[in-house]
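Have a look at the structure below before the remarks.
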Amino acid sequence: MIYTCTMNPAIDLFTEFENFEPHVVNRSIFEDYQANGKTINISFMLKKMGIDSVATGFLGGFTGRYIQEELERTGIATDFVSVDGITRINTFIKAGLREFKAVNRGPEISMEAQEKLIKKIGTLSSKDMLFVSGSLPRGVDDAILKKISELSKQIGFDLVLDVSSDTLISCLVDEPYLIKPSDEELAAWLDVDPATFDDEEQLIAAADQLLHKGAQRLLVSRGEKGTMYADGKRVLFTTAPKGQVVNTACAGDTLLATFVGSLLQGETLEDTLIYATAAGSSTAFTAGLSDLKDVPELMKQIKLTINVKGARKS
């Protein structure tokens, strides 16, 4: 079974206004509420691919109930830890060419709740896969990521990490199945200028450092430059399709979900990377998560380059 762990979920409120001015009542012309959180998005995208998962993490209050109901309404099983306080609401405002983002803190998570979550994760089996992604809520130390990675090593389940915390480096010794940094996160971990990754060989060398530390696979999101995959034997690059970017917030989640989902469905690595790149771009070109309908057309724009032990081909 696949499990997705979101420790700092949210309801994302997207609103649009003709104008947005201070000290007056601004009335929206569009609004949309979305149950959100990086691995919650992964559960939603896997479901669109026909793949079941169980969503876990922390939820609290009426907003937490809304998120749980939205997941269950789409047929996604849930096993959250209930916490005191109210799961946060984030607000994204578009007014003409201007955008405003108000991201809230959310509730503080008690040690008791954290221990309950770790106990749930400790019941996974060696046949399971766990996605851990996103920011950590108040009261939760980065050390929880190391606890989870140690459990993955001890039990044998596949761990997929998409976190910006420096603690990820210490998790690599536990050999996570896949990590998905952006090129900027990768540069921050290695204390280098992100601009150096304009040279693909420098990006490959950076990925190799994390592979040598224990990561089994890397999937690097590069925005409009496309994606890179590396596993120590092969390096694949894709270009990104062209389109009008509406919202990049969930594009990386879509990329990760569709990449792993396609591999689980038996697709080749090459086809998987092209599909996932197109799906991630599809989400970036829409207000919410992609419905995947435009992915086949977007795939036609993508160029794949393969590097196998120094031999490159397109």
Side-chain angles (χ1 to χ4, degrees), residues 2-10 36-43 53-60 64 79-88 103-126 128-182 184-191 206-207 209-220 252-253 256:
I2 297 173
Y3 294 82
T4 65
C5 179
T6 308
M7 288 185 253
N8 201 19
N36 213 321
K38 294 181 72 64
T39 43
I40 285 174
N41 293 333
I42 288 171
S43 277
S53 65
V54 177
T56 189
F58 303 116
L59 288 179
D79 188 20
F80 284 92
V81 175
S82 180
V83 300
D84 295 332
I86 298 173
T87 294
R88 61 195 179 134
V103 176
N104 295 311
R105 299 182 303 168
E108 185 162 352
I109 308 301
S110 68
M111 286 303 303
E112 180 184 5
Q114 295 177 51
E115 290 167 1
K116 287 181 179 179
L117 180 62
I118 291 297
K119 187 175 181 180
K120 286 180 183 292
I121 293 172
T123 65
L124 270 58
S125 76
S126 60
D128 294 325
M129 174 180 284
L130 174 67
F131 287 81
V132 178
S133 181
S135 63
L136 298 178
R138 289 189 296 154
V140 179
D141 188 86
D142 286 6
I144 197 170
L145 300 173
K146 181 58 178 172
K147 290 180 181 178
I148 293 172
S149 73
E150 288 174 347
L151 281 174
S152 74
K153 181 73 170 180
Q154 175 186 335
I155 297 171
F157 61 81
D158 289 331
L159 178 62
V160 180
L161 290 171
D162 179 12
V163 295
S164 57
S165 169
D166 290 342
T167 301
L168 178 131
I169 300 300
S170 68
C171 296
L172 299 183
V173 69
D174 299 314
E175 300 180 329
Y177 173 84
L178 173 69
I179 62 173
K180 192 210 75 64
S182 66
E184 292 182 350
E185 288 169 334
L186 184 56
W189 291 333
L190 300 178
D191 195 24
Q209 290 188 52
L210 300 192
L211 290 167
H212 289 152
K213 289 179 183 294
Q216 296 183 45
R217 300 167 183 81
L218 264 77
L219 179 64
V220 182
D253 308 331
L256 180 56

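Leu136 pairs in a side chain to side chain contact (heavy atoms under 4.5 Å, CB included) with only one of the listed residues (Thr167, Asp142, Val163, Asn8), which is Asp142. A side chain to side chain contact (heavy atoms under 4.5 Å, CB included) with Ile179 holds for exactly one of Leu172, Val160, Asp162; it is Leu172.
One distance of note links OG of Ser165 with CD1 of Ile144; it measures 11.5 Å at 0.5 Å rounding. Between the CG atom in Leu124 and the CD1 atom in Ile148 there is a gap of 10.5 Å [rounded to 0.5 Å]. Atoms CG and NZ, on Leu186 and Lys180 in that order, are 11.0 Å from each other to the nearest 0.5 Å. Met111 CE to Lys116 NZ: the interatomic distance, rounded to the nearest 0.5 Å, is 13.0 Å. Separation of atoms CG (Leu159) and OG (Ser149) is listed at 7.0 Å; rounding is to 0.5 Å.
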Let's go through Met129 and Tyr177 carefully: what are the C-alpha distance in whole Å and the side-chain angles of both, what is the deciding distance for side-chain contact (heavy atoms from CB on, under 4.5 Å) to 0.1 Å, and is it a yes or a no?
CA-CA 9 Å; Met129 174 180 284; Tyr177 173 84; 3.8 Å; yes
Are Leu145 and Leu168 close enough, and set up right, to give a side-chain contact (heavy atoms from CB on, under 4.5 Å), and what steps lead you there?
CA-CA 7 Å; Leu145 300 173; Leu168 178 131; over 6 Å; no
Go through Leu59 and Ser82 one step at a time and tell me if the side-chain contact (heavy atoms from CB on, under 4.5 Å) criterion holds.
CA-CA 5 Å; Leu59 288 179; Ser82 180; over 6 Å; no
Between Asp128 and Asp158, does the side-chain contact (heavy atoms from CB on, under 4.5 Å) criterion hold? Intermediate values first, please.
CA-CA 6 Å; Asp128 294 325; Asp158 289 331; over 6 Å; no
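Looking at heavy atoms from C-beta onward, Leu117 lies in side-chain contact with Met7 at the 4.5 angstrom threshold. Inter-residue side-chain proximity for Ile2 and Val54 is flagged as unmet; no heavy-atom pair is nearer than 4.5 Å. Residues Leu130 and Ser152 fail the side-chain proximity criterion, which asks for heavy atoms closer than 4.5 Å. You'll find the side chain of Trp189 reaches within 4.5 Å of the side chain of Leu210, heavy atoms only. Side-chain contact check for Phe131 versus Leu161: every heavy-atom pair is 4.5 Å or farther apart. Between Asp174 and Gln154, every side-chain heavy-atom pair lies at or beyond the 4.5 Å cut-off. Side chains of Gln114 and Val140 form a contact here, defined as non-hydrogen atoms less than 4.5 Å apart. Counting heavy atoms from C-beta on, the side chains of Leu151 and Phe157 come closer than 4.5 Å.
Not a single donor-acceptor pair under 3.5 Å links the side chain of Glu175 to the backbone N or O of Ala215. At least one donor-acceptor pair closer than 3.5 Å links the side chain of Ser182 to the backbone N or O of Glu185. Proximity of a side-chain donor or acceptor of Arg138 to a complementary backbone N or O of Ile109 within less than 3.5 Å is not detected. Looking only at distances, no side-chain donor or acceptor of Arg88 sits under 3.5 Å from a matching main-chain atom of Ala10. Judged by distance alone, the side chain of Lys146 and the main-chain N or O of Ser170 form a donor-acceptor pair under 3.5 Å. Panel note: side chain Thr56, backbone Asp79; a donor-acceptor pair is recorded below 3.5 Å. Under a 3.5 Å cut-off, the side chain of Asn104 and the backbone N or O of Gly106 do not form any donor-acceptor pair.
Scanning all heavy atoms of the two residues, the minimum distance from Ile40 to Pro9 falls at CD1-CB, 3.7 Å. Nearest heavy-atom pair across Ala113 and Val83 is CB-CG1, 3.8 Å. Across all non-hydrogen atoms, the minimal contact from Gly37 to Thr6 is CA-CG2, 3.8 Å. What you find for Gly57 and Cys5 is that their closest heavy atoms are CA-SG, 4.4 Å. Between Phe58 and Phe80, the shortest heavy-atom contact is N-CD2, 3.8 Å.
Around the NZ atom of Lys147, the shell of radius 6.0 Å holds no more than 12 heavy atoms that belong to other residues, nucleotides or ligands. Residue Asp84 qualifies as open at atom CG: its count of foreign heavy atoms under 6.0 Å is 12 or below. Counting non-hydrogen atoms of neighbouring residues, nucleotides and ligands closer than 6.0 angstrom, the CD atom of Glu184 reaches no more than 12 such neighbours.
No hydrogens or angles considered: a donor-acceptor pair under 3.5 Å links the side chains of Thr4 and Ser43. Of the N and O atoms on the side chains of Ser133 and Thr39, not one donor lies less than 3.5 Å from an acceptor on the other residue.
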